[in-house]
Amino acid sequence: MSNPSLYILKFKPILKEKIWGGTKLKNFLNKDSNTSCIGESWEISDVEGDYSVVSEGSLKGKTLHELLIEYKEQLVGDKNFQRFGTKFPLLVKFIDAKEDLSVQLHPGDEIAKQKHNSFGKTEMWHIVQADKDANIIIGFNQVVDKALYQKHVDQKSIKDILNYEQVTKGDTFFVYSGLIHAIGKGVLLAEIQQTSDITYRVYDWDRKDSDGNYRELHQKDALEAIDFRNEEKYKIEYKSGKNEISNLVRCLHFITNMIEIDQNMVISHEEFDSFVVYMCIEGEAVLKNENTSTDIHIKLGETILVPACIKSINVLSKSAKLLQTYI
């Protein structure tokens, strides 16, 4: 049943300075920043110390964590509340790589629980913008086993066995836990992931930080968590049609769809039993729901959270692309 005090929520982005960050989050996605090295905009976060704060409406100033404690299954859905309790299960970001990120991987649920008392980290990437010839690293370019991998780590030649993929706007990749990967310079992307901030760094291009130090590597942890599966292709093939929902990723941790809109469209959440996140990756739209007469505007670079108790939304746009995510 709908709760009249819950409405479509917008949060204040949490901006993160990174050694590899740039200015696209400010210049392309209109984030409010005065520095030239913003690498990440955490759009929706329940990571301790980085709780998202509601930016408008009657709940303005409340954190996502406080909302979870107060509204429970009305915010996230019955099944999600039973499964995750008062922990929001997804972390949603935009990432700008002015320089190459480190070659890294993330642990799965089992290792993450055991070592860090955390969720594991399975994620997906959708390329929002990419400079000419920009690429990502995902997986290996050949069959690799533990011995071959260790040899290349020891010889600092790991880049010789990595799979490079040139990327353009609209490309989508599924990065399961244990899969070796890196975002390359010139790439701006949307990332949807489990709520986890655990990264095992394998190689960092021999660069030093502003204090002249190399960043820490996590070779032992990485070797325990790595997945040596060799996929034929990593890019997700999908067809996107106007005013219809096209699936990009479906996994245990989240489902993400693409919705391309150029008219009035009613989107039902009736069957989801879940919160729904919308990230605007192109254009702009106006959203309405039965709980409020207030229009919610969403434009390129913005993200909204629709509580589970809201069972449908009306979206009006002449031109917009939205990523829709739920569990």
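- Classification of K16 and E40 as a salt-bridged pair fails, no side-chain N sitting under 4.0 Å from a carboxylate O.
- Hydrophobic clustering (side-chain heavy atoms under 4.5 Å, transitive across Ile, Leu, Val, Met, Phe, Trp, Tyr) keeps I14 apart from I44.
- Using modelled atom types and a 3.5 Å distance limit, the side chains of D78 and Q82 yield no donor-acceptor pair.
- In this structure, a donor-acceptor pair under 3.5 Å is absent between the side chains of T23 and S36.
- Listed by chain and number, the residues in a side-chain contact (heavy atoms from CB on, under 4.5 Å) with E48 are Y51 (sequence neighbours excluded).
- In the hydrophobic cluster analysis, where Ile, Leu, Val, Met, Phe, Trp and Tyr join through side-chain heavy atoms closer than 4.5 angstrom, F94 is grouped apart from V47.
- I192 and Y238 fall within the same hydrophobic cluster, where Ile, Leu, Val, Met, Phe, Trp and Tyr residues are linked whenever their side-chain heavy atoms come under 4.5 Å apart, directly or through other members.
- Between the side chain of Q219 and the backbone N or O of A222, no donor-acceptor pair lies under 3.5 Å.
- The pair E270-K311 fails the salt-bridge criterion, with no side-chain N (NZ, NE, NH1 or NH2) lying under 4.0 Å from an Asp/Glu carboxylate O.
- Between the side chains of N314 and N289, no donor-acceptor pair is found at a separation under 3.5 Å.
- The closest side-chain donor-acceptor pair between Q142 and N230, if any, does not fall under 3.5 angstrom.
- Under the rule for a ring pair (Phe, Tyr, Trp, His ring centres under 6.0 Å), H297 has no partner lying at least two apart in sequence or in another chain.
- At a cut-off of 3.5 Å, with distance as the only test, no side-chain donor of N30 or K26 sits close to an acceptor on the other residue.
- The structure places OH of Y164 at 5.5 Å from CG of L162, a figure rounded to the nearest 0.5 Å.
- In this structure, the side chains of F81 and T86 come closer than 4.5 Å at one or more pairs of heavy atoms.
- Rounded to the nearest 0.5 Å, atoms CE (M279) and OG1 (T303) are 4.0 Å apart.
- Counting only distance, with no hydrogens or angles, the side chain of T172 and the backbone of I236 share no donor-acceptor pair below 3.5 Å.
- Nearest approach of L248 to L323, heavy atoms of both residues: CD1-CD2, 3.7 Å.
- Counting heavy-atom neighbours within 6.0 Å of K151 NZ, excluding the residue itself, gives a total of 12 or less.
- Once rounded to the nearest 0.5 Å, the distance linking CG of L322 with CE of M265 reads 9.0 Å.
- Residues that satisfy the ring pair (Phe, Tyr, Trp, His ring centres under 6.0 Å) test with Y71, not counting sequence neighbours, are absent from this structure.
- Between D131 and K185 no salt bridge is recorded (no basic side-chain N to carboxylate O distance below 4.0 Å).
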With side chain to side chain contact (heavy atoms under 4.5 Å, CB included) as the test, would you mind laying out the steps for V54 and K10 before giving the verdict?
-> CA-CA 6 Å; V54 178; K10 261 189 187 178; over 6 Å; no
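- Within 6.0 Å of the CD atom in Q155, the count of heavy atoms belonging to other residues, nucleotides or ligands exceeds 12.
- Separation of atoms CD1 (I267) and CG (N257) is listed at 10.0 Å; rounding is to 0.5 Å.
- Linking ILVMFWY residues whenever their side-chain heavy atoms come closer than 4.5 Å, directly or via other members, places I19 and V187 in the same cluster.
- For the side-chain contact (heavy atoms from CB on, under 4.5 Å) with P307, the lone residue among L75, L67, V76 that qualifies is L75.
- Between the side chain of S45 and the backbone N or O of D50, at least one donor-acceptor pair lies under 3.5 Å.
- Applying the 6.0 Å contact sphere to CD of Q263 captures more than 12 heavy atoms from other residues, nucleotides or ligands.
- Taking the six-membered ring for Trp and the full ring otherwise, Y326 and F254 have centroids separated by 6.0 Å or more.
- Remark: K235 engages D171 in a salt bridge (charged side-chain N to carboxylate O under 4.0 Å, His left out) (not counting sequence neighbours).
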Considering only distance and modelled atom types, tabulate donor-acceptor pairs under 3.5 Å from the side chains of residues 176-183, sequence neighbours left out.
{"unit_1": "Y176", "atom_1": "OH", "unit_2": "E231", "atom_2": "OE2", "d": "3.1"}
{"unit_1": "H181", "atom_1": "ND1", "unit_2": "Q104", "atom_2": "O", "d": "3.4"}
{"unit_1": "H181", "atom_1": "ND1", "unit_2": "L179", "atom_2": "O", "d": "2.8"}
{"unit_1": "H181", "atom_1": "NE2", "unit_2": "H106", "atom_2": "NE2", "d": "3.2"}
{"unit_1": "H181", "atom_1": "NE2", "unit_2": "E123", "atom_2": "OE2", "d": "3.3"}

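- Annotation: ring pair (Phe, Tyr, Trp, His ring centres under 6.0 Å) contacts of W42 (sequence neighbours excluded): none.
- The same ILVMFWY cluster, assembled from side-chain heavy atoms under 4.5 Å apart, contains both I296 and I259.
- Note that CD1 of I38 and NZ of K24 are 15.0 Å apart. Values are rounded to the nearest 0.5 Å.
- The closest side-chain donor-acceptor pair between E43 and S41 falls under 3.5 angstrom.
- The stretch residues 196-223 participates, sequence neighbours left out, in these ring-ring contact (aromatic ring centres under 6.0 Å, His included) pairs: H116-Y200, Y203-W205.
- Every residue meeting the side-chain contact (heavy atoms from CB on, under 4.5 Å) condition with K87, not counting sequence neighbours, appears here in chain and number order: D46, F119, T195.
- No more than 12 heavy atoms of other residues, nucleotides or ligands lie within 6.0 Å of CD in E284, so this atom counts as exposed by the packing criterion.
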Could you walk me through whether E260 and N243 pass side chain to side chain donor-acceptor pair (under 3.5 Å), step by step?
-> CA-CA 6 Å; E260 206 172 330; N243 309 304; over 6 Å; no
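- In this structure, R207 does not pair ionically with E99, as no charged nitrogen and carboxylate oxygen lie closer than 4.0 Å.
- Salt bridge present: E282 and K169 bring a charged side-chain N and a carboxylate O closer than 4.0 Å.
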Please walk me through it: do K93 and L189 pass side chain to side chain contact (heavy atoms under 4.5 Å, CB included)?
-> CA-CA 8 Å; K93 306 175 180 178; L189 58 76; over 6 Å; no
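- The local environment of CG in D145 is crowded, with over 12 non-hydrogen atoms from other residues, nucleotides or ligands closer than 6.0 Å.
- Applying the ring pair (Phe, Tyr, Trp, His ring centres under 6.0 Å) test to F174 and every residue at least two apart in sequence or in another chain returns nothing.
- By the salt bridge (charged side-chain N to carboxylate O under 4.0 Å, His left out) test, K220 pairs with E224, sequence neighbours left out.
- Residues passing the salt bridge (charged side-chain N to carboxylate O under 4.0 Å, His left out) test with K156, sequence neighbours excluded: D206.
- Other residues, nucleotides and ligands place no more than 12 heavy atoms under 6.0 Å from the CG atom of N34.
- The structure places CG of L29 at 9.5 Å from SG of C280, a figure rounded to the nearest 0.5 Å.
- A donor-acceptor contact shorter than 3.5 Å links the side chain of N141 to the backbone of D160.
- For F173 and Y234, the ring centers sit 6.0 Å or farther from each other.
- Under 3.5 Å, the side chains of N135 and E165 contain no donor-acceptor pair of N or O atoms.
- Remark: the backbone N or O of T63 is paired with a side-chain donor or acceptor of E66 at under 3.5 angstrom.
- Scored by the salt bridge (charged side-chain N to carboxylate O under 4.0 Å, His left out) test, K18 finds no partners at all (sequence neighbours excluded).
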